[in-house]
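Written out below as C-alpha coordinates is the structure these notes cover.
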Amino acid sequence: MLDLVILSLHFFICFLISVAIWRGPTDVDLPSSSTGTVEKEPDGLILIGKEDDIKKSQRVTAKVNGREIVVFYHEGKFHALDSRCYHEGGPLYLGEIEDINGQACIVCPWHKYKITLETGEGLYEGINPLEPSPTPQWQSKGVKQRIHKVTIDNGNIYVGPPDLSVSFDSDYFADKYKNSGDLSMEK
(Lines give C-alpha, C1' and ligand atoms only; values in the text may rest on other atoms or scores of the structure.)
Protein backbone atom coordinates (compact mmCIF):
# COMPACT_ATOMS: atom_id res chain seq x y z
CA MET A 1 0.00 0.00 0.00
CA LEU A 2 2.84 2.36 0.86
CA ASP A 3 4.41 1.65 -2.55
CA LEU A 4 1.20 2.71 -4.27
CA VAL A 5 1.09 5.97 -2.31
CA ILE A 6 4.74 6.75 -3.15
CA LEU A 7 4.21 5.90 -6.81
CA SER A 8 1.12 8.13 -6.99
CA LEU A 9 3.00 10.97 -5.33
CA HIS A 10 5.85 10.54 -7.80
CA PHE A 11 3.51 10.76 -10.82
CA PHE A 12 1.77 13.81 -9.36
CA ILE A 13 5.09 15.64 -8.85
CA CYS A 14 6.22 14.74 -12.39
CA PHE A 15 2.94 16.08 -13.73
CA LEU A 16 3.38 19.40 -11.89
CA ILE A 17 6.95 19.76 -13.17
CA SER A 18 5.89 19.09 -16.77
CA VAL A 19 3.11 21.68 -16.54
CA ALA A 20 5.58 24.25 -15.17
CA ILE A 21 8.06 23.54 -17.97
CA TRP A 22 5.47 23.66 -20.76
CA ARG A 23 3.97 26.86 -19.41
CA GLY A 24 7.35 28.60 -19.50
CA PRO A 25 8.59 31.76 -17.83
CA THR A 26 6.36 34.81 -17.84
CA ASP A 27 8.97 37.45 -17.16
CA VAL A 28 10.75 37.33 -20.52
CA ASP A 29 7.87 38.25 -22.81
CA LEU A 30 8.20 41.73 -24.28
CA PRO A 31 5.24 44.12 -24.28
CA SER A 32 5.52 44.45 -28.05
CA SER A 33 5.33 40.70 -28.51
CA SER A 34 2.00 40.34 -26.73
CA THR A 35 0.32 42.95 -28.91
CA GLY A 36 1.87 41.80 -32.15
CA THR A 37 3.14 45.31 -32.83
CA VAL A 38 6.83 46.03 -32.95
CA GLU A 39 8.81 49.16 -33.50
CA LYS A 40 10.28 49.19 -37.00
CA GLU A 41 13.19 51.36 -37.98
CA PRO A 42 13.43 52.93 -41.44
CA ASP A 43 15.98 50.31 -42.54
CA GLY A 44 13.57 47.46 -41.68
CA LEU A 45 15.20 46.54 -38.36
CA ILE A 46 12.84 45.65 -35.53
CA LEU A 47 13.47 46.83 -31.97
CA ILE A 48 13.61 43.90 -29.55
CA GLY A 49 14.70 45.62 -26.35
CA LYS A 50 17.43 47.29 -24.35
CA GLU A 51 20.88 45.72 -24.53
CA ASP A 52 21.35 45.80 -20.74
CA ASP A 53 17.97 44.15 -20.08
CA ILE A 54 18.73 41.29 -22.46
CA LYS A 55 22.22 40.87 -20.98
CA LYS A 56 20.66 40.51 -17.51
CA SER A 57 18.02 37.98 -18.54
CA GLN A 58 20.42 36.12 -20.94
CA ARG A 59 17.47 35.46 -23.28
CA VAL A 60 14.25 37.08 -24.34
CA THR A 61 11.38 36.06 -26.60
CA ALA A 62 9.60 38.34 -29.02
CA LYS A 63 7.38 38.28 -32.07
CA VAL A 64 8.70 39.62 -35.34
CA ASN A 65 5.97 39.88 -37.98
CA GLY A 66 3.99 37.31 -35.96
CA ARG A 67 6.97 34.92 -35.88
CA GLU A 68 8.25 33.79 -32.47
CA ILE A 69 11.98 34.39 -32.04
CA VAL A 70 14.39 34.11 -29.13
CA VAL A 71 17.40 36.34 -28.58
CA PHE A 72 20.23 34.87 -26.50
CA TYR A 73 23.12 36.70 -24.90
CA HIS A 74 25.96 34.22 -24.47
CA GLU A 75 29.67 34.82 -23.87
CA GLY A 76 29.56 38.43 -25.02
CA LYS A 77 27.50 37.85 -28.18
CA PHE A 78 23.84 38.19 -29.12
CA HIS A 79 22.20 35.47 -31.19
CA ALA A 80 18.63 35.37 -32.54
CA LEU A 81 16.80 32.38 -33.99
CA ASP A 82 13.33 30.97 -34.41
CA SER A 83 12.10 30.04 -30.95
CA ARG A 84 10.63 26.69 -32.01
CA CYS A 85 12.98 23.76 -32.64
CA TYR A 86 13.09 22.55 -36.22
CA HIS A 87 12.53 18.93 -35.10
CA GLU A 88 9.17 19.03 -33.30
CA GLY A 89 8.60 22.67 -32.32
CA GLY A 90 10.14 22.45 -28.84
CA PRO A 91 10.63 25.66 -26.81
CA LEU A 92 14.26 26.59 -27.45
CA TYR A 93 14.11 29.50 -25.01
CA LEU A 94 13.88 26.91 -22.21
CA GLY A 95 16.94 25.02 -23.44
CA GLU A 96 20.42 24.97 -21.97
CA ILE A 97 23.41 26.30 -23.87
CA GLU A 98 26.29 23.84 -24.29
CA ASP A 99 29.71 24.17 -25.88
CA ILE A 100 30.24 21.50 -28.55
CA ASN A 101 33.62 21.54 -30.30
CA GLY A 102 34.02 25.25 -29.60
CA GLN A 103 30.52 26.14 -30.81
CA ALA A 104 27.79 27.49 -28.54
CA CYS A 105 24.68 25.31 -29.05
CA ILE A 106 21.16 25.47 -27.70
CA VAL A 107 19.83 22.09 -26.60
CA CYS A 108 16.12 21.62 -27.20
CA PRO A 109 14.49 20.60 -23.90
CA TRP A 110 12.06 18.20 -25.58
CA HIS A 111 14.33 15.84 -27.51
CA LYS A 112 17.86 17.16 -26.83
CA TYR A 113 18.51 18.25 -30.42
CA LYS A 114 21.59 20.47 -30.57
CA ILE A 115 21.59 23.63 -32.70
CA THR A 116 24.48 26.06 -33.13
CA LEU A 117 23.63 29.61 -32.10
CA GLU A 118 25.92 31.10 -34.73
CA THR A 119 24.72 29.28 -37.87
CA GLY A 120 21.54 27.32 -36.99
CA GLU A 121 23.18 23.99 -37.90
CA GLY A 122 21.77 20.84 -36.36
CA LEU A 123 24.49 18.67 -34.82
CA TYR A 124 24.56 14.96 -34.08
CA GLU A 125 27.13 12.54 -32.75
CA GLY A 126 27.94 9.74 -35.16
CA ILE A 127 30.55 7.09 -35.81
CA ASN A 128 32.29 5.84 -38.91
CA PRO A 129 31.85 2.05 -38.77
CA LEU A 130 34.76 1.62 -41.19
CA GLU A 131 37.24 2.89 -38.57
CA PRO A 132 39.08 0.14 -36.67
CA SER A 133 37.82 1.43 -33.33
CA PRO A 134 35.09 3.95 -34.14
CA THR A 135 34.73 6.89 -31.78
CA PRO A 136 31.75 9.24 -31.93
CA GLN A 137 32.39 12.56 -33.69
CA TRP A 138 30.14 15.60 -33.91
CA GLN A 139 28.69 16.01 -37.39
CA SER A 140 26.52 18.67 -39.03
CA LYS A 141 23.06 17.95 -40.43
CA GLY A 142 23.26 21.29 -42.24
CA VAL A 143 21.44 24.50 -41.38
CA LYS A 144 18.06 23.55 -39.95
CA GLN A 145 17.13 26.51 -37.73
CA ARG A 146 16.52 30.01 -39.11
CA ILE A 147 18.81 32.57 -37.52
CA HIS A 148 18.12 36.30 -37.53
CA LYS A 149 20.66 39.12 -37.87
CA VAL A 150 21.15 41.05 -34.62
CA THR A 151 22.17 44.73 -34.66
CA ILE A 152 23.17 46.78 -31.63
CA ASP A 153 22.67 50.54 -31.84
CA ASN A 154 22.63 53.11 -29.00
CA GLY A 155 22.08 50.41 -26.37
CA ASN A 156 19.15 48.87 -28.23
CA ILE A 157 18.94 45.41 -29.78
CA TYR A 158 17.37 45.11 -33.21
CA VAL A 159 16.62 42.06 -35.34
CA GLY A 160 16.45 42.12 -39.10
CA PRO A 161 13.33 40.70 -40.74
CA PRO A 162 13.78 37.15 -42.04
CA ASP A 163 14.73 36.55 -45.66
CA LEU A 164 11.90 34.20 -46.59
CA SER A 165 13.29 33.57 -50.07
CA VAL A 166 15.36 30.79 -48.47
CA SER A 167 13.54 28.16 -46.42
CA PHE A 168 14.70 26.23 -43.35
CA ASP A 169 13.22 23.30 -41.44
CA SER A 170 12.26 25.59 -38.52
CA ASP A 171 9.95 27.58 -40.83
CA TYR A 172 7.30 24.86 -40.51
CA PHE A 173 6.88 25.43 -36.77
CA ALA A 174 7.36 29.18 -37.05
CA ASP A 175 4.39 29.24 -39.46
CA LYS A 176 2.38 26.74 -37.45
CA TYR A 177 2.51 28.91 -34.33
CA LYS A 178 2.55 32.30 -36.07
CA ASN A 179 0.20 34.81 -34.45
CA SER A 180 -0.76 32.28 -31.76
CA GLY A 181 -1.04 35.04 -29.18
CA ASP A 182 1.38 33.78 -26.55
CA LEU A 183 4.86 32.39 -26.25
CA SER A 184 3.99 29.63 -23.77
CA MET A 185 5.21 26.97 -26.23
CA GLU A 186 2.48 24.45 -25.56
CA LYS A 187 2.93 21.16 -27.38
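Small disclaimer: the values here were computed from a predicted structure and weren't measured. All residue numbers in this chain count up from 1 along the given sequence.
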Discussion item. Starting from V64, can I reach I152 by hopping between I/L/V/M/F/W/Y residues whose side chains sit under 4.5 Å apart?
Written reply: yes
* Asked: Is R67 close to H148 at the side-chain level, that is, under 4.5 Å between some pair of heavy atoms?
  -> yes
Next on the checklist: Under the criterion side-chain contact (heavy atoms from CB on, under 4.5 Å), I'd like the reasoning laid out for R59 against I97: C-alpha separation, chi angles, the key distance, then a yes or no.
Outcome noted: CA-CA 11 Å; R59 59 188 74 191; I97 296 176; 4.2 Å; yes
Checklist entry - Is the shortest heavy-atom distance from the side chain of H111 to the side chain of E88 under 4.5 Å? => result yes
### Task
Answer whether the closest heavy-atom distance between the side chains of K144 and S170 falls below 4.5 Å.
no
Ring pair (Phe, Tyr, Trp, His ring centres under 6.0 Å) filter on F78, not counting sequence neighbours, yields Y73
In short, C85 meets C108 closest at the heavy-atom pair CB-SG, 3.7 Å
Are there over 12 heavy-atom neighbours, none belonging to E131, within less than 6.0 Å of that residue's CD? yes
Discussion item. Counting C-beta onward and ignoring hydrogens, is there a side-chain heavy-atom pair between E125 and Q137 closer than 4.5 Å?
Written reply: no
(message) In the structure I gave you, are the side-chain heavy atoms of D82 and V70 within less than 4.5 Å of one another anywhere?
(response) no
Examine the side chains of K141 and Y113 and answer whether a donor and an acceptor come within less than 3.5 Å of each other. no
| query | Between L92 and Q145, is any pair of side-chain heavy atoms under 4.5 Å apart? | reply | yes
Are the aromatic ring centres of F72 and Y93 under 6.0 angstrom apart? no
Joining Ile, Leu, Val, Met, Phe, Trp and Tyr whenever any side-chain heavy atoms lie under 4.5 Å apart, the cluster holding L164 also takes in none
Residues joined to F168 in its hydrophobic cluster, side chain to side chain under 4.5 Å directly or through other members, sorted by chain and number, are V143, V166
CG (N65) and NZ (K178) are apart, to the nearest 0.5 Å, by 6.5 Å
Tightest non-hydrogen contact, residues S167 and R146, listed as CA-NH2, 3.9 Å
Report yes or no: do S165 and D163 form a side-chain donor-acceptor pair below 3.5 Å? yes
Parallel, tilted or perpendicular, judged at 30° and 60°: which one describes the rings of F173 and Y177? parallel
Practice task
Would you please say whether a donor-acceptor pair under 3.5 Å links the side chains of S140 and E121?
Solution key: yes
Next on the checklist: With side-chain contact (heavy atoms from CB on, under 4.5 Å) as the criterion, how do K55 and D53 come out once you've worked through the C-alpha distance, each side chain's angles and the decisive distance to 0.1 Å?
Outcome noted: CA-CA 5 Å; K55 282 181 176 178; D53 294 340; over 6 Å; no
Per side chain to side chain contact (heavy atoms under 4.5 Å, CB included), L81 is matched among V159, L117, T116, T119 by L117
Rounded to the nearest 0.5 angstrom, the OH-CG distance for Y158 and D153 is 5.5 Å
Heavy-atom nearest pair, G126 first then Q139, reads N-CG, 4.4 Å
_Is there a side-chain contact between R84 and P91 in this structure, where contact means two heavy atoms from C-beta onward sitting under 4.5 Å apart?_
no
- Salt bridge D171-K176, side-chain N to carboxylate O under 4.0 Å: no
Q. Where do H79 and E118 land on the side-chain contact (heavy atoms from CB on, under 4.5 Å) test, with the steps shown first?
A. CA-CA 7 Å; H79 306 275; E118 195 76 32; 3.3 Å; yes
### Query
With a 4.5 Å heavy-atom cut-off, do C105 and I115 have their side chains touching?
no
Applying a strict under-4.5 Å side-chain criterion to I, L, V, M, F, W and Y, I'd like to know whether L123 and Y86 cluster together. no
Open item on the list: Between H87 and D169, does the side-chain hydrogen bond (donor to acceptor under 3.5 Å, both in side chains) criterion hold? Intermediate values first, please.
Closed with: CA-CA 8 Å; H87 171 243; D169 291 3; over 6 Å; no
